[in-house]
Amino acid sequence: MATVELSRLRRTLGRWYRVNGRHDLPWRTTRDPYAVLVSEVMLQQTQVSRVHPRYETWLKRWPTAESLAEATTGTVIREWAGLGYNRRAVNLQRAAREALEKFGGIPTEEAKLLTLPGVGPYTAAAVACFAGDKRTVALDTNIARVVARTLLGEATARVPHKQKLKEAAKAWLPKRGTRAHQLAAMDLGATVCKASSPACEICPLKSDCTWLAAGQPEADPTPNGKVTAAPFKSTARFARGQIVAILAKDSPLPASSIAAQLPEEHQENCGRYLEALAGDGIVTFRKEHWGLAEDL
DNA sequence: AACACGGGGTG
DNA sequence: CACCCAGTGTT
C-alpha cells in the first residue's frame, strides 16, 4: 500500500470518526487505566450493548483497583453474572491484585500489562493505547476485518494472516493520534464494515477499498468438516454456567444438592465440572461443601 | 493449530 | 440452527 494512499485513508477515516464515532461510550471519556481495563476485559467476546450497563454498575461498586482487590472473589463473580466466561471476572480481580502488588496500580506499559492474568496481546495494547495514549497496534476483530478488507483485499481476517494484518495495521497508524485512529477503525468495523452484510455504499473508504474493488470476493466457506455442534443446553459450558448460577444464589452446598438442580443429562458429570471450576478459581471446596471462591 | 470457555442477539 | 461478538490460556 502506497504511503500517499495510507495517509488519505487515515484522514478520511478521521473525518468520518469525528462525525459518526461512538464518542459517548463511558470507557472512552476516561483515561483511568483501571476503568479502561475493566471495559476491555468485559468486551472480550462480548458486544458493546451488553457491556454498557454492566460497566457503569461495576465502576460504581468498585471505582478503583484497590476496591476491587479488597472484594471477595465470590462477590465479584456475582456482579459478573450473565456476562459469560466467568474466568474473566476471576482474572480481572487477580490482575488488579497483582498489579497493585507489582506496579502499585494498573500500568499503561504494554509489557507490564501482558504479565497480568487475562490480559493478552489485544487487551494489553488496548489499555496502553486508550488509557496511556501509547502508539501500539491493538488488533481486535473489528480492526482486523477493516484492515483485511480495505488494505489487503481479503473478505475476513484469517488466522494465518495474523502477522500480515498486524504489519498492515501498524503501517496504517498515524504518527500522532493513534488512540483516535484505532477507535475510529474499530467503530467503522462495528457499524459499517460489518462481518455480515457490510454497508459498503455508505463507507467512507469505499473508493480506496481493495476488497470492494475486487468485487467483494466471498470468504472461503467455513470448513464444515466437523459434526454438527451439540445443542448448547447439553454442553459442559452450559452446565458450568448453571452451577455458578446455583452457587451465586445459594451456597455453600454439597455436591449432591448441586447435581440435583442440574438437568438430568449433566448430573453424573457434576463432580467433574466442579473440579474444573475449582481449577479456574471460580469455586472452592471446604468441609464437604462447595461455594464461590473466597465465599466459604 | 485447535479447543475450551458463556450467553444473548440476529437472520 | 448458524454465526457473531473490543480474546485468552492451554494443549
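Remember, it's a predicted structure, so these values are computed and weren't measured experimentally. Order of the sequence lines fixes the chain letters, A, B, ..., with proteins taken first and strands second; residue numbering starts at 1 for each chain.
Taking the nucleotide of DNA chain C with the nearest heavy atom to each of Ala195(A) and Gln44(A), the more 5' of the two is matched to Ala195(A). Nearest-nucleotide positions on DNA chain C place Ser196(A) closer to the 5' end than the other of Ser196(A) and Val119(A).
Nearest approach of Trp211(A) to Ala155(A), heavy atoms of both residues: NE1-CA, 3.3 Å. Closest of all the heavy-atom pairs between Met186(A) and Ile143(A) is N-CG1, 3.8 Å. Considering every non-hydrogen atom in both Leu68(A) and Gln93(A), the closest pair reads O-NE2, 3.1 Å.
Side-chain to base pairing of Thr46(A) with dG6(B): one donor and one acceptor N or O lie within less than 3.5 Å of each other. Between the side chain of Arg88(A) and the base of dG7(C), no donor-acceptor pair under 3.5 Å is found.
Rounded to an integer number of Å, the gap from CG of Leu116(A) to P of dT8(C) is 12 Å. Atom pair Ile243(A):CD1 and dG7(B):C1' shows a separation of 16 Å (rounding to whole Å applied). In this structure, Lys162(A) places its NZ atom 11 Å from P of dA1(B), rounding to the nearest Å. Between the CD atom of Gln45(A) and the P atom of dT8(C) there is a distance of 9 Å, given to the nearest Å. The distance from atom CD of Gln163(A) to atom C1' of dA1(B) is 16 Å, rounded to the nearest whole Å. Atom-to-atom, CG of Asp187(A) to P of dC5(C) comes out at 14 Å; the value is rounded to the nearest Å. When the P atom of dG9(C) is taken as reference, atom CG of Leu92(A) falls 12 Å away, rounded to whole Å. Summarising the geometry, the separation between CE on Met42(A) and P on dC5(C) is reported as 20 Å, rounded to the nearest angstrom.
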What do the steps show when you test Tyr17(A) against His23(A) for ring-ring contact (aromatic ring centres under 6.0 Å, His included), and what is the final call?
CA-CA 9 Å; Tyr17(A) 177 65; His23(A) 304 285; 4.5 Å; yes

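Trp27(A) comes within contact range of at least one nucleobase, with a heavy-atom separation under 4.0 Å. As judged by a 4.0 angstrom heavy-atom cut-off over every strand, Gly84(A) is placed among the base-contacting residues. Residue Thr123(A) is classed as a sugar-phosphate contact, given heavy-atom separations below 4.0 Å to backbone atoms only. At a threshold of 4.0 angstrom between heavy atoms, the contacts of Ile143(A) with the nucleic acid are absent. Residue Pro231(A) is classed as having no contact, given no heavy-atom separation below 4.0 Å to the nucleic acid. Across all strands shown, Asp280(A) has no heavy atoms under 4.0 Å from either base or sugar-phosphate atoms. Counting any heavy atom pair closer than 4.0 Å across all strands shown, Gly189(A) reaches no nucleic acid atom. Residue contacts shown for Val41(A) are absent, as no nucleic acid heavy atom lies under 4.0 Å away.
Within the structure, a side-chain polar atom (N or O) of Arg240(A) is placed less than 4.0 Å from OP1 or OP2 of dG6(B). The phosphate of dC5(C) (OP1 or OP2) has no side-chain N or O of Gln47(A) nearer than 4.0 angstrom. In this model, the phosphate group of dC5(C) is approached by a side-chain N or O of Arg145(A) to a distance below 4.0 Å at OP1 or OP2.
When distances are taken from the side chain of Leu25(A) to each of dC5(B), dG6(B), dA6(C), the shortest belongs to dA6(C). Listed nucleotides dC5(B), dG7(B), dC5(C) differ in distance to Thr141(A); the shortest reach to its side chain belongs to dC5(C).
The number of heavy atoms from other shown groups lying within 6.0 Å of NZ (Lys134(A)) is above 12.
Using a 4.0 Å cut-off between charged side-chain N and carboxylate O, Glu79(A) and Lys60(A) make no salt bridge.
Taking atom P in both dT10(B) and dA6(C), the straight-line distance is 13 Å, to the nearest Å. Taking the P atoms as reference points, dT10(C) lies 14 Å from dG6(B), given to the whole Å.
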